[in-house]
Amino acid sequence: MAAQRRTVIENCAIATVDGHDTEYASGHVVLAGHRIESLGAGAAPEGLENVVRRIDATGHLVTPGLINTHHHFYQWITRGLATDHNLFDWLVALYPTWARIDEPMVRAAAQGSLAMMARGGVTTAMDHHYVFPQGSGDLSGAIIGAARDMGVRFTLARGSMDRSEKDGGLPPDFAVETLDGALAATEETVRQHHDSSFDAMTQVAVAPCSPFSVSTELLRDGAQLARRLGVRLHTHGSETVEEEKFCHELFGMGPTDYFESTGWLGEDVWMAHCVHMNDSDIAAFARSRTGVAHCPSSNARLAAGIARVPDMLAAGVPVGLGVDGTASNESGELHTELRNALLINRLGGHREAALNARQALRLGTYGGAQVLGRAAETGSLEPGKLADLVLWKLDTLAHASIADPVTALVFGAAAPVTASFVNGRQIVEDGRLLTADEEAIARATRDEARRLARIAAEA
């Protein structure tokens, strides 16, 4: 790193979220190129060469960048609809509209989703995209391109559906792919876009949508495809009581047992929601190291229930946080999920002992890196890791009277982001994106939302 251009950040509180939860009341971080070179208490070392920038971060907390582990970007242009529905009714209401998306709509929606997260401290995002209407264009390419332009580290979970209404599923018949078509398109997406290198900006996972929208063959063959290609697997699991009833009626077993029977438990798998998990389910996830994307706001919005996150963590299940699609979490922000995860889990059986501020921050950072299979590269501030970090401003009216900066970040109002770095490149300054025009994105998303609504109404 000696020849790399350096950025020095000083006079900041630091929460490293490393294996020892090391923190510094006032310290420094040195970035060299796209890696973290050093960090510690007090001022940065003297005599550093090639320092191109020094940041006085007085009044700030520096943390690893937030990591989003579950999202559906396309839903940005269908926000505010079906606001009083449970999951199944919500899906039935919205699938006919979603089935008419096209490439310009998906590109604009991806830009909106990414922009909202990035300016709120997300440095690694993912998108589970599973709606591919015939003739809709290169949707995967549009999503990946939007993330690349935004400068955010990204995982595309290339989704699929092949169980439509005629097969007892929820999507309209014209909104699904064939088994062979879905597998072939997924493999092509992996081969074209997946980067397995340490500092990869784009990765791809195999991601059939859910037990009630895909066939057993697509789940089983999808798992085999992912392992043959050496990529991760993602799907929805155990989200609602209706899903559990569906699995028992159709397969004669609950969701976790069904997933295990199709090869969908393992350290290369993570599932969204996992709200309705019994002790046996949690033990199976812990034994297999299957990860969970916890989406507290979406779970509440759709009245799905309270996931047993404290029990999962105690058992050793990897757990990260997810925004989920913005048709079920209209704010589209991940930093608010730190607070919501803590508060909602305290409504469960563990009450005030459910989660604390540092556990919530770990869910949103290192936990997310574990779930995405990138804990060696990001998720904590340690020398040699990728330079993905956020400077949170905590000396304003909203937080200044809270002595502990981690408590201020998690329990307090959404903290302003003074700077966000991804791969050593600054993408946010004073709460504004440096890599995109927010007003232009807002106009594009409004226009595409209106166009989609018009097309759906005419159909």
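None of these values were measured; they are calculated from a predicted model.
- In this structure, a donor-acceptor pair under 3.5 Å is absent between the side chains of His273 and His294.
- Between Leu265 and Arg227, the shortest heavy-atom distance links the atoms O-NH2, 3.8 Å.
- For the side-chain hydrogen bond (donor to acceptor under 3.5 Å, both in side chains) with Glu330, the qualifying choice from Arg79, Gln75, Arg301 is Arg301, the only one to do so.
- Applying the ring-ring contact (aromatic ring centres under 6.0 Å, His included) rule to Phe285 yields no partners; only residues at least two apart in sequence or on another chain are considered.
- Ionic pairing of Arg374 and Asp388 is not present here: no N-O contact between side-chain nitrogen and carboxylate oxygen is shorter than 4.0 angstrom.
- By the salt bridge (charged side-chain N to carboxylate O under 4.0 Å, His left out) test, Arg232 pairs with no residue at all, sequence neighbours left out.
- With sequence neighbours left out, the salt bridge (charged side-chain N to carboxylate O under 4.0 Å, His left out) criterion links Glu10 to Arg54.
- Checked against salt bridge (charged side-chain N to carboxylate O under 4.0 Å, His left out), Arg339 has no partners two or more places apart in sequence or in another chain.
- Smallest separation of non-hydrogen atoms from Gln4 and Ala32: CB-C, 3.8 Å.
- Shown here for Gln359 and Ala354, the closest heavy-atom pair between the two residues is OE1-O, 4.1 Å.
- Side-chain contact check for Asn299 and Ser297: no donor-acceptor pair (N or O, by modelled atom type) lies under 3.5 Å.
- Residues meeting the ring-ring contact (aromatic ring centres under 6.0 Å, His included) test with Trp98, sequence neighbours left out: Tyr74, Trp90, Tyr95.
- In terms of the ring-ring contact (aromatic ring centres under 6.0 Å, His included) criterion, residue partners of Phe88 (sequence neighbours excluded) are, by chain and number, Phe212.
- Residues His70 and Met126 approach most closely at CA-SD, 3.2 Å, considering heavy atoms.
- Annotation: the span from Leu48 atom CG to Asn50 atom CG amounts to 9.5 Å, rounded to 0.5 Å.
- Going from atom CZ of Arg107 over to atom CG of Asp149 covers 9.5 Å, rounded to the nearest 0.5 Å.
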